[in-house]
Colleague: 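Submitted below is the structure of interest, expressed as structure tokens.
Fair warning: this is a prediction, and the values are worked out from it, not measured in the lab. In what follows, every chain begins at residue 1, and chains take the letters A, B, ... in the order their sequences are listed.
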2 protein chains.
Amino acid sequence: LSTRLTIAVDLMSGDLGPRSALPAALTFAQANPDTSLLLVGDSSLIPAQLPVNTQWISTSQIVTMEDRPAQALRHKQDSSMWHSIVAVADGRADACVSAGNTGALMAMGKFQLKTFPGIDRPAICKAVPTSKGSCVVLDLGANVDCSSEQLVQFALMGSVLASTSGVLSPSVGLLNIGSEEVKGNEQIRFAASLLDANEQINYQGYVEGDGIFSGAVDVVVCDGFVGNVALKVSEGVARLLTDYLIDAMGASWFGRLSGQIAKPLLRKWHMKFDPARYNGASFLGLQGVVVKSHGSADEKGFGCALAVARDQAFNEIPQKINQQLADCLL
Amino acid sequence: LSTRLTIAVDLMSGDLGPRSALPAALTFAQANPDTSLLLVGDSSLIPAQLPVNTQWISTSQIVTMEDRPAQALRHKQDSSMWHSIVAVADGRADACVSAGNTGALMAMGKFQLKTFPGIDRPAICKAVPTSKGSCVVLDLGANVDCSSEQLVQFALMGSVLASTSGVLSPSVGLLNIGSEEVKGNEQIRFAASLLDANEQINYQGYVEGDGIFSGAVDVVVCDGFVGNVALKVSEGVARLLTDYLIDAMGASWFGRLSGQIAKPLLRKWHMKFDPARYNGASFLGLQGVVVKSHGSADEKGFGCALAVARDQAFNEIPQKINQQLADCLL
């Protein structure tokens with residue numbers, strides 16, 4: 001039993017709360033008999049029959065999207081979010097997943113799990129689809145202003161994550177703008193020189209915004225402000241294009257007809273870029289696996305976040321990151 | 001003749017040079033007999049018959065994409081780019097269009113036309129498609145680091161531009177990230193307070209990256225680094241989705257069949273978001289209209305940039321911006 005992986009699941013947080021997290025967790029438990037789940041939430045929700053590889057931790061509070069992180073940290077220590085992270089901190093779980101308030105999750109994660117030496121604040125990291133597969137992007141919003149040294153740490157941590165998906169020496173790009181005489185600011189230019197000199201990192205130079213999605217590199221590094229905007233822009237454009245196509249298919253008899261015929265094609269297209277497939281952002285730099293599911297993720301999306309948590313625990317991402325950081329700080 | 005608008009056209013710059021700019025200019029001249037064009041480029045290109053509303057200015061040099069702006073400014077004063085801007089500076093033209101090196105165009109524009117008092121460096125500004133129409137976004141790459149005061153100037157200038165497309169009191173959003181406890185940095189928070197207090201600006205608060213494309217506001221203001229990344233990301237995602245759909249339509253007999261049937265639908269879809277339709281970025285804050293066509297824009301795209309230049313000259317955008325800035329500085 002000690003070699004089994006255990007994932008703690010915050011059932012109560014996020015826009016849909018237990019409506020998406022609970023069925024996703026039960027489905028995941030049945031599909032993955034080698035993994036144990038700690039289901040964390042209101043005891044009134046306990047189903048009549050629980051799969052053998054699940055346990056329930058009863059909690060009385062819920063962290064809402066409106067809660068301020070510092071207040072949640074102080075006043076919601078019987079919340080599903082808090083107990084999910086505690087389970088990782090005290091070794092009962094190898095990872096946890098929550099769809100809740102990112103700021104509160106970050107605050108509780110830092111408080112309970114601590115960051116590795118040299119990491120002030122974890123980086124939020126996620127894989128996004130590209131024309132060649134996927135690309136690991138960080139930071140996506142935790143660190144608004146970043147030093148050059150932080151950008152190098154992001155490159156190291158992102159490389160560790162990308163290498164677990166089979167890439168031998170993941171290529172790293174630094175997000176920059178290319179059209180002006182002044183390319184980027186001082187932090188970015190200095191980070192580029194540090195990355196160039198670092199033998200642990202397969203640094204390939206600058207990439208521009210479109211380079212994230214062309215599959216130019218395996219890892220894209222940027223500060224949290226730019227990364228967050230880039231992620232949200234990509235979601236916004238994908239939604240705009242998809243919605244318009246769906247509208248066009250309903251707007252005329254011809255649209256409806258051709259839409260019906262092209263439906264399997266469009267379904268395949270949509271699946272390929274389905275945000276649910278790419279759900280699950282992790283807080284790299286914490287001494288434990290904490291995965292954030294999108295606040296509005298449905299059952300399928302939440303299931304993807306559970307798979308991300310399992311993979312990161314299985315691949316011992318935090319331990320490997322610690323090793324890389326230690327080598328780098330020598 | 002003095003009430004006619006005249007546009008100077010840099011024929012030689014950009015990836016395609018005269019191959020896209022010359023046919024686009026000739027088509028535009030024929031379609032717009034009320035507008036005069038100054039065609040600026042190599043005299044060997046002069047066609048046997050020129051439309052009556054065109055004139056030719058012969059030049060011997062070309063600014064390349066590799067030229068450094070300062071060097072272009074010093075050593076390429078017989079280039080098509082230089083003479084196009086000179087035509088605006090000395091009043092022979094009301095606007096100019098170039099597909100060339102953005103940095104060189106910016107440097108020559110600033111040198112020849114100057115910026116308005118209080119504007120250090122122009123902002124690059126462009127309309128992007130949204131689910132409700134279009135949205136004016138600036139800065140797209142000229143100002144890597146921006147003060148709060150600059151962001152307010154961008155809001156004023158963007159509002160002037162948006163109001164000419166029929167929006168009475170354009171709503172303005174400040175690009176920010178919303179998912180973390182620390183929302184944005186100090187510059188952004190201070191800019192928000194300045195925008196809130198400014199009665200010339202219909203400020204609506206923060207927007208996130210996806211808000212640009214949802215049509216939440218008429219104008220989105222951000223620093224040039226973030227804006228450039230956002231623009232390039234939107235182009236990258238649109239290309240990824242379109243390419244994949246095209247691939248899927250060729251991959252099987254069913255795909256080809258349904259692709260054939262859905263073709264008019266997809267063509268309509270593609271046209272709606274065609275980058276060519278949204279070609280033409282302007283350098284707001286210059287004392288004259290300078291429009292940058294995308295470096296790889298085809299004939300149709302270049303034609304759109306010509307229309308942008310004509311509209312901005314017709315609407316006297318620089319004069320109106322000067323007025324707004326003067327009112328603001330009072």
Side-chain angles (χ1 to χ4, degrees), chain A residues 68-70 102-104 106-107 129-131 141-142 144-145 175 177-182 184-185 208-214 222 224-226 228-245 248-249 254-255 257-259 261-266 268-269 272-273, chain B residues 68-70 102-103 106-107 129-131 141-142 144-145 175-182 184-185 208-214 222 224-226 228-245 248-249 254-255 257-259 261-266 268-269 272-273:
Chain A
R68 296 185 59 184
T102 308
M106 174 72 85
T130 74
S131 61
V144 168
D145 292 308
L175 192 59
I177 66 175
S179 62
E180 283 309 294
E181 65 259 54
V182 189
N185 54 26
E208 295 190 54
D210 49 343
I212 301 174
F213 300 92
S214 68
C222 55
F225 192 96
V226 173
N228 188 278
V229 169
L231 183 71
K232 298 265 169 72
V233 162
S234 72
E235 292 171 353
V237 171
R239 196 174 311 128
L240 178 70
L241 296 181
T242 309
D243 287 355
Y244 182 78
L245 199 56
M249 291 192 319
F254 178 78
L257 177 69
S258 59
I261 291 164
K263 209 175 244 179
L265 201 73
L266 296 170
K268 198 175 145 202
W269 175 69
K272 166 94 175 176
F273 300 107
Chain B
R68 296 184 58 183
T102 309
M106 174 72 84
T130 74
S131 59
V144 169
D145 292 306
L175 192 59
N176 201 350
I177 65 175
S179 63
E180 284 308 294
E181 65 258 53
V182 189
N185 53 27
E208 295 190 53
D210 49 343
I212 301 174
F213 300 91
S214 68
C222 56
F225 192 96
V226 173
N228 188 279
V229 168
L231 184 70
K232 298 264 169 74
V233 162
S234 73
E235 292 171 354
V237 171
R239 196 174 311 128
L240 177 71
L241 296 181
T242 310
D243 287 354
Y244 182 79
L245 199 56
M249 291 190 321
F254 178 78
L257 177 69
S258 58
I261 292 166
K263 208 174 242 179
L265 201 73
L266 296 171
K268 197 175 147 203
W269 176 67
K272 168 94 176 175
F273 300 106

Colleague: With a 4.5 angstrom heavy-atom cut-off, which part of I212(A) approaches chain B: side chain, backbone, both or neither?
Modeller: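 It is the side chain, since no backbone atom gets that close.
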
Colleague: What distance do E208(B) atom CD and I177(B) atom CD1 have between them, rounded to the nearest 0.5 Å?
Modeller: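 Reported value, rounded in 0.5 Å steps: 8.0 Å.
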
Colleague: Taking side chain to side chain contact (heavy atoms under 4.5 Å, CB included) as the definition, give me every residue that meets it alongside R239(B), ordered by chain and number, with sequence neighbours left out.
Modeller: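 Listed in chain order: D210(A), E235(B), D243(B).
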
Colleague: Might you point out which heavy atoms bring V237(A) and S234(B) nearest each other, and give the distance in Å?
Modeller: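 That would be CG2-CB, 3.6 Å.
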
Colleague: Only pairs of heavy atoms separated by less than 4.5 Å count here; which of D145(A), L231(A), L175(A) has the most with chain B?
Modeller: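 Counting heavy-atom pairs under 4.5 Å, the top option is L175(A).
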
Colleague: Pick one of side chain, backbone, both or neither for S214(B), based on which atoms fall under 4.5 Å of a heavy atom in chain A.
Modeller: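 Contact with chain A involves no heavy atom of S214(B) at all.
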
Colleague: Do V229(B) and V229(A) have side-chain heavy atoms sitting under 4.5 Å apart?
Modeller: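 Heavy-atom side-chain distance check fails, nothing below 4.5 Å.
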
